[in-house]
Asker: 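Quick one: this structure, given as structure tokens, is what I'll be asking you about.
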Amino acid sequence: MSENIKMQLQCPMPKFDFDVITLGHGSGGLLTHRLLQSGVFDIFKNDVLDQQHDGAVFEMNGKMAFSTDSYVISPIFFPGGNIGDLAVNGTVNDLTMCGAQPKYLSLGFIIEEGFPMTEFWEVLLSIKKAADKAGIHIVTGDTKVVEKGKGDKIYINTSGVGLIHPKASIHHKNIEEGDVIIVSGNIASHGMAIMSLRQGLEFETTITSDTANLNHTVLALLDQFGTAIHFMRDPTRGGVASVLNEIAELTQLGFFLDQKLLPIDEQVDGACEMLGLDPLYVANEGLFMAVVKKEIANDFLLALQKDPNGIHAAIIGEVTKAYGGKVMMKSRVGGKRMVNYLTGEQLPRIC
């Protein structure tokens, strides 16, 4: 029995007043009240949310991280996930990249009039499943409804707070010459899952999004390696290339990649080639990049590869004083090329 079916049995869809979202559901009146009481408050029930206040009141002791993001993906349902789990995982991972254990999340919906209640319920279930897996509580939020034609089904905003791990010291200022660059898994899977669906591409197996929460994986690595982990970032929009260009510019160090070392699924690579896309610039939603001290790189990689989120992890390059402020890559045939910032929008509405 699939997890989605199990959740539907545990959380059967309540009887709503309408089969679709109406403008009345965003009015702040009776329909809004019923939508929240029958759906949101029940499915995300916890002591803080149960206060049903304008905000959330809770206690946290120690250094904190805070992050926010909005999700406008099209289509909202895709192989491997949907906009709901994407919204939770995205903010969880942003906090995690700061070295934080995510604790609390806000949830904001902008829903287009006419959005089917069945699809809204499926999104809610995915949010619940992703939040439970990450161990994060949804404690406050907001719902707005816009007229038909003024949105695109549903947009979601999530903001989150978390406590910084006591051994974490993650900052681009820590990066040094000789550090090793590691990526936690196959690149470009999320972006190509979306593009394959949009373009109707068919392969032997379905390309699926890599959307996943990374907090448990990263916190275990911080436990083991602490401050020897100099920097972390999840390569979402703009992909691996954009992350490396950003930190190269900030540090004025060079980042040297070896194309042969880049982990990528064969079908994803084929899809990129068919569509004329460079996988270095394609979005990911369940990966992170780490810049670590050379002395711990192999142990870090072995520990990561033992985790379900890091099976395909690989060392892909190193930090050097050469090419200061630039990203350079050795090609499969031995030549070298500059990896520049992405120009324009390669994949619109990807996350």
Side-chain angles (χ1 to χ4, degrees), residues 44 64-111 122-142 152-162 170 183-195 197 208-219 232-240 242-243 246 281-290 309-310 342 345-351:
F44 302 129
M64 292 170 49
F66 173 78
S67 185
T68 188
D69 207 343
S70 299
Y71 300 85
V72 296
I73 193 166
S74 177
I76 62 170
F77 296 97
F78 49 84
N82 63 56
I83 193 172
D85 50 44
L86 191 72
V88 173
N89 292 335
T91 296
V92 163
N93 293 344
D94 286 344
L95 291 169
T96 301
M97 294 303 100
C98 298
Q101 170 61 63
K103 292 291 187 181
Y104 301 109
L105 200 71
S106 72
L107 179 64
F109 294 113
I110 298 177
I111 312 171
E122 188 171 347
V123 168
L124 288 178
L125 290 179
S126 295
I127 291 170
K128 169 67 172 171
K129 180 181 175 182
D132 287 349
K133 188 173 181 181
I136 193 168
H137 293 300
I138 294 164
V139 294
T140 190
D142 183 55
D152 190 0
K153 296 184 178 179
I154 185 171
Y155 302 146
I156 299 178
N157 172 273
T158 47
S159 297
V161 294
I170 296 171
V183 65
S184 67
N186 289 333
I187 66 173
S189 294
H190 173 73
M192 296 322 299
I194 303 301
M195 287 304 295
L197 190 61
T208 60
S209 169
D210 60 354
T211 179
N213 67 289
L214 301 170
N215 54 316
H216 304 307
T217 302
V218 168
L219 292 170
M232 305 185 88
R233 181 71 63 81
D234 54 337
T236 52
R237 284 180 301 170
V240 170
S242 293
V243 169
E246 287 171 7
Y281 296 95
V282 176
N284 311 274
E285 287 294 343
L287 293 186
F288 69 90
M289 298 173 63
N309 286 325
L342 175 65
E345 181 70 90
Q346 184 173 229
L347 300 175
R349 300 285 306 280
I350 205 72
C351 59

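Because the structure is predicted, anything quoted here is derived from the model rather than measured. The first residue in the sequence is number 1, and the count goes up from there.
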Asker: Do the non-hydrogen side-chain atoms of Ile170 and Met97 ever get within less than 4.5 Å of each other?
Answerer: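 No; the side chains remain at least 4.5 Å from each other.
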Asker: Val88 versus Leu105: any side-chain heavy-atom pair under 4.5 Å?
Answerer: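 Side-chain contact under 4.5 Å: yes.
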Asker: Look at the side chain of Asp210 and the backbone N and O of Ser189, then say whether any donor-acceptor pair between them is shorter than 3.5 Å.
Answerer: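 The answer is no, because no donor-acceptor pair under 3.5 Å joins these two groups.
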Asker: Should Pro102 and Thr91 count as side-chain neighbours, where that means a heavy-atom distance under 4.5 Å?
Answerer: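 No - every pair of side-chain heavy atoms lies 4.5 Å or more apart.
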Asker: May I ask you to say whether Arg349 pairs ionically with Asp152, meaning some side-chain N is under 4.0 Å from a carboxylate O?
Answerer: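 Looking at Arg349 and Asp152, the cut-off is met.
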Asker: Taking C-beta and beyond as the side chain, do Phe77 and Val123 meet within less than 4.5 Å on heavy atoms?
Answerer: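 In short, these two side chains touch, coming nearer than 4.5 Å.
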Asker: Return the minimal non-hydrogen interatomic distance between Gln101 and Ala134, and the atom names on each side.
Answerer: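 Taking every non-hydrogen atom into account, NE2-O, 4.2 Å.
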Asker: Within this structure, what is the CG-OH distance for the pair Leu86 and Tyr71, rounded to the nearest 0.5 Å?
Answerer: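 Interatomic distance, Leu86 CG to Tyr71 OH, rounded to 0.5 Å: 6.0 Å.
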Asker: Tell me, do Ile156 and Ile127 make a side-chain contact under 4.5 Å, heavy atoms counted?
Answerer: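 Yes - at least one pair of side-chain heavy atoms lies under 4.5 Å apart.
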Asker: To the nearest 0.5 Å, tell me how far Asn89 CG sits from Glu285 CD.
Answerer: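 Separation between the atoms: 8.0 Å.
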Asker: Is there a donor-acceptor pair under 3.5 Å between the side chain of Asp85 and the backbone N or O of Asn82?
Answerer: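 The answer is yes, because a donor-acceptor pair under 3.5 Å joins these two groups.
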Asker: Looking only at non-hydrogen atoms, find the nearest pair between Ala65 and Cys98 and report the distance.
Answerer: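 Here Ala65 and Cys98 meet closest at CB-CB, 4.0 Å.
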Asker: For Asn93 and Ala212, indicate whether the former's side chain and the latter's backbone hold a donor-acceptor pair under 3.5 Å.
Answerer: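 Confirmed, Asn93 side chain pairs with Ala212 backbone.
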Asker: Looking only at non-hydrogen atoms, find the nearest pair between Thr211 and Gly81 and report the distance.
Answerer: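 Of all heavy-atom pairs spanning Thr211 and Gly81, the closest is CG2-CA, 4.4 Å.
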Asker: For the atom pair SG (Cys351) and CD1 (Ile194), what is the distance rounded to the nearest 0.5 Å?
Answerer: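 Taking SG in Cys351 and CD1 in Ile194, the distance rounds to 9.5 Å.
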Asker: In Å, rounded to the nearest 0.5 Å, how long is the span from CG of Asn157 to CZ of Phe109?
Answerer: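 Between Asn157 CG and Phe109 CZ, I get 10.5 Å after rounding to 0.5 Å.
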Asker: Hey, what do you get for OH (Tyr281) to CD1 (Ile187), rounding to the nearest 0.5 Å?
Answerer: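 Those atoms lie 11.5 Å apart.
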Asker: Looking at Phe288, is its backbone amide N or carbonyl O close enough to the side chain of Ser184 to form a donor-acceptor pair, meaning the two atoms are under 3.5 Å apart?
Answerer: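 Side chain of Ser184 to backbone of Phe288, a donor-acceptor pair under 3.5 Å: yes, one is there.
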Asker: Is it true that a side-chain atom of Thr158 and a backbone atom of Ala87 form a donor plus acceptor pair closer than 3.5 Å?
Answerer: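 Confirmed, Thr158 side chain pairs with Ala87 backbone.
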Asker: Any side-chain heavy atom of Asn284 sitting closer than 4.5 Å to one from Asp234?
Answerer: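 A side-chain contact is absent here, since even the closest heavy-atom pair is not under 4.5 Å.
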Asker: Which heavy atom of Leu342 sits nearest a heavy atom of Ser242, and at what distance?
Answerer: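 That would be CB-OG, 4.2 Å.
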Asker: Check whether Asn309 reaches the backbone of Asn213 with its side chain - one donor and one acceptor, N or O, closer than 3.5 Å.
Answerer: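 Checking the backbone N and O of Asn213 against the side chain of Asn309, a donor-acceptor pair under 3.5 Å is found.
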Asker: How long is the gap from CZ on Arg233 to CG on Asp94, to the nearest 0.5 Å?
Answerer: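 Those atoms lie 9.0 Å apart.
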